[in-house]
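Every chain is numbered from 1 and lettered A, B, ... according to where its sequence line falls, protein lines coming before strand lines.
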Number of protein chains: 2
Amino acid sequence: MPRPRSDEKRSAILEAATRIIVMQGLSAPTAGIAKEAGVANGSFFTYFETKTVLFNHLYLEIKAEMASAILKNRSASAEPREELFHVWRNWMNWAVSNPQKRKALAQLGVSDEITPDTRAAGHKTMAPIAELLERARAHGPMQKARKGFVGALMNSIAEATMDFMTQDPANAKKYSKEGFDALWRMLN
Amino acid sequence: MPRPRSDEKRSAILEAATRIIVMQGLSAPTAGIAKEAGVANGSFFTYFETKTVLFNHLYLEIKAEMASAILKNRSASAEPREELFHVWRNWMNWAVSNPQKRKALAQLGVSDEITPDTRAAGHKTMAPIAELLERARAHGPMQKARKGFVGALMNSIAEATMDFMTQDPANAKKYSKEGFDALWRMLN
DNA sequence: TAATAAAGACTGACTAGACAGGCAACAACA
DNA sequence: TGTTGTTGCCTGTCTAGTCAGTCTTTATTA
């Protein structure tokens with residue numbers, strides 16, 4: 001049997017890229033990422049054809065992981081408010097526990113190396129959350145607003161809240177509660 | 001007497017940089033910016049010592065212009081809600097009228113070439129708006145939240161709203177109203 | 001008014017360095 | 001020994017910033 005192409009090294013590169021991007025930005029040399037991953041300079045390109053391909057994979061991976069963390073342990077029965085709050089808490093927890101991934105994701109998100117296809121795929125992983133939001137706003141003042149707009153507003157409030165939580169961890173809980181209450185007031 | 005160094009060319013470079021950044025991103029070559037400004041390659045550096053210096057100047061200039069547009073024609077007497085809405089409308093109008101500047105500012109804002117000093121100065125130009133927000137939230141449920149946090153929430157809602165307005169201009173007015181109402185609900 | 005000089009704004013070819021990706025050689029396993 | 005993953009050196013390309021020199025305008029003089 002041929003020695004299998006190591007998925008571990010693939011993951012190592014993705015993780016190394018996260019760390020390096022946080023520290024040095026997207027213009028960081030591939031050589032640095034390879035070194036951080038404990039892999040030879042040229043090996044980088046046996047795992048990812050180009051730097052851009054790596055970026056697109058990393059974007060999707062982090063986004064998918066985040067979506068999965070957000071949707072963990074849902075109780076299907078709960079009231080809309082409770083349901084949304086559960087998701088909110090998962091979201092904020094993930095952000096506090098994974099500041100690097102969040103930071104890297106933010107950088108990747110504004111890069112023009114991320115293709116529309118990748119963005120669309122990333123958006124798709126968030127679809128269940130959008131659906132949940134639909135129920136939460138169903139009877140409130142935003143019921144006639146465009147679906148995507150409400151989602152964008154929620155997302156922007158969440159991002160701002162997460163920024164403050166990571167920047168001032170001592171008051172993280174406070175920000176989380178205030179942020180969610182603000183969101184709920186907006187929806188109802 | 002020496003011929004005066006042309007402020008027009010300085011402005012031309014700043015304007016050219018805005019256009020080029022929107023089209024090509026921050027990694028666009030200085031040569032391209034110089035060409036777009038109708039200035040020789042090397043002249044770029046007689047107006048701005050380095051590319052980073054240009055970026056910092058541009059960031060501040062756009063931010064200051066935006067703040068000035070937002071604060072235009074204020075009537076000091078009005079009710080908090082009216083006062084805030086006036087500012088909101090100015091803000092949205094500026095965004096719709098200057099999509100390129102907004103886009104360039106967004107790119108510059110996430111760049112790590114913008115120094116903390118520059119960010120602080122940019123923040124300062126928005127101080128009057130923050131003050132106004134203080135009055136608007138004074139009697140609402142967010143009166144005990146940290147000042148900067150409320151400002152960040154307002155800003156994030158405004159950004160999301162402006163995104164949708166520029167992306168779907170036909171419904172711009174609708175988004176503007178819905179966005180402001182959402183903000184006000186959040187504050188009260 | 002015309003000729004000359006001085007100043008300094010402006011130019012663009014050039015350089016030094018950085019980096020993405022290629023590739024020829026190598027190592028490990030069957 | 002053949003096959004395949006892995007290596008790290010190499011190269012072609014790109015670009016920020018430099019600098020020796022040109023050009024334009026103003027000041028001075030006759």
In this structure, how many angstroms lie between the [atom2] atom of [N] and the [atom1] atom of [X], rounded?
| X | N | atom1 | atom2 | result |
| --- | --- | --- | --- | --- |
| B/Asp7 | C/dA9 | CG | P | 12 Å |
| A/Leu54 | C/dG21 | CG | C1' | 14 Å |
| B/Phe48 | C/dA9 | CZ | P | 15 Å |
| A/Glu8 | D/dT6 | CD | C1' | 16 Å |

In A/Ile129, A/Ile70, A/Leu183, the residue satisfying side chain to side chain contact (heavy atoms under 4.5 Å, CB included) with A/Trp88 is A/Leu183
Nucleotide N/O to protein N/O under 3.5 Å, stretch nucleotides 15-21 of chain D:
| residue | atom | partner | partner atom | Å |
| --- | --- | --- | --- | --- |
| D/dA16 | OP1 | B/Lys51 | NZ | 3.0 |
| D/dA16 | OP2 | B/Thr30 | N | 2.7 |
| D/dA16 | OP2 | B/Thr30 | OG1 | 2.7 |
| D/dG17 | OP2 | B/Lys51 | N | 3.0 |

Look at A/Tyr47 and D/dG5 and indicate whether a side-chain polar atom (N or O) is within less than 4.0 Å of OP1 or OP2.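 No, A/Tyr47 has no side-chain N/O under 4.0 Å of OP1/OP2 on D/dG5.
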Would you say B/Arg10's side chain and B/Tyr47's backbone share a donor-acceptor pair under 3.5 angstrom?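 Checking the backbone N and O of B/Tyr47 against the side chain of B/Arg10, a donor-acceptor pair under 3.5 Å is found.
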A/His139 side-chain N/O to A/Asn188 backbone N/O, donor-acceptor pair under 3.5 Å: no
4.5 Å side-chain heavy-atom contact, A/Tyr175 and A/Met92: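 Contact flag for A/Tyr175/A/Met92 side chains = no.
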Closest non-hydrogen atoms of B/Leu58 and B/Leu14, given as atom of the first, atom of the second and distance, are CD1-O, 3.6 Å
Could you tell me whether B/Lys174 atom NZ has more than 12 heavy atoms of other residues or ligands within 6.0 Å of it?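 Counting other residues, nucleotides and ligands, NZ of B/Lys174 exceeds 12 neighbours.
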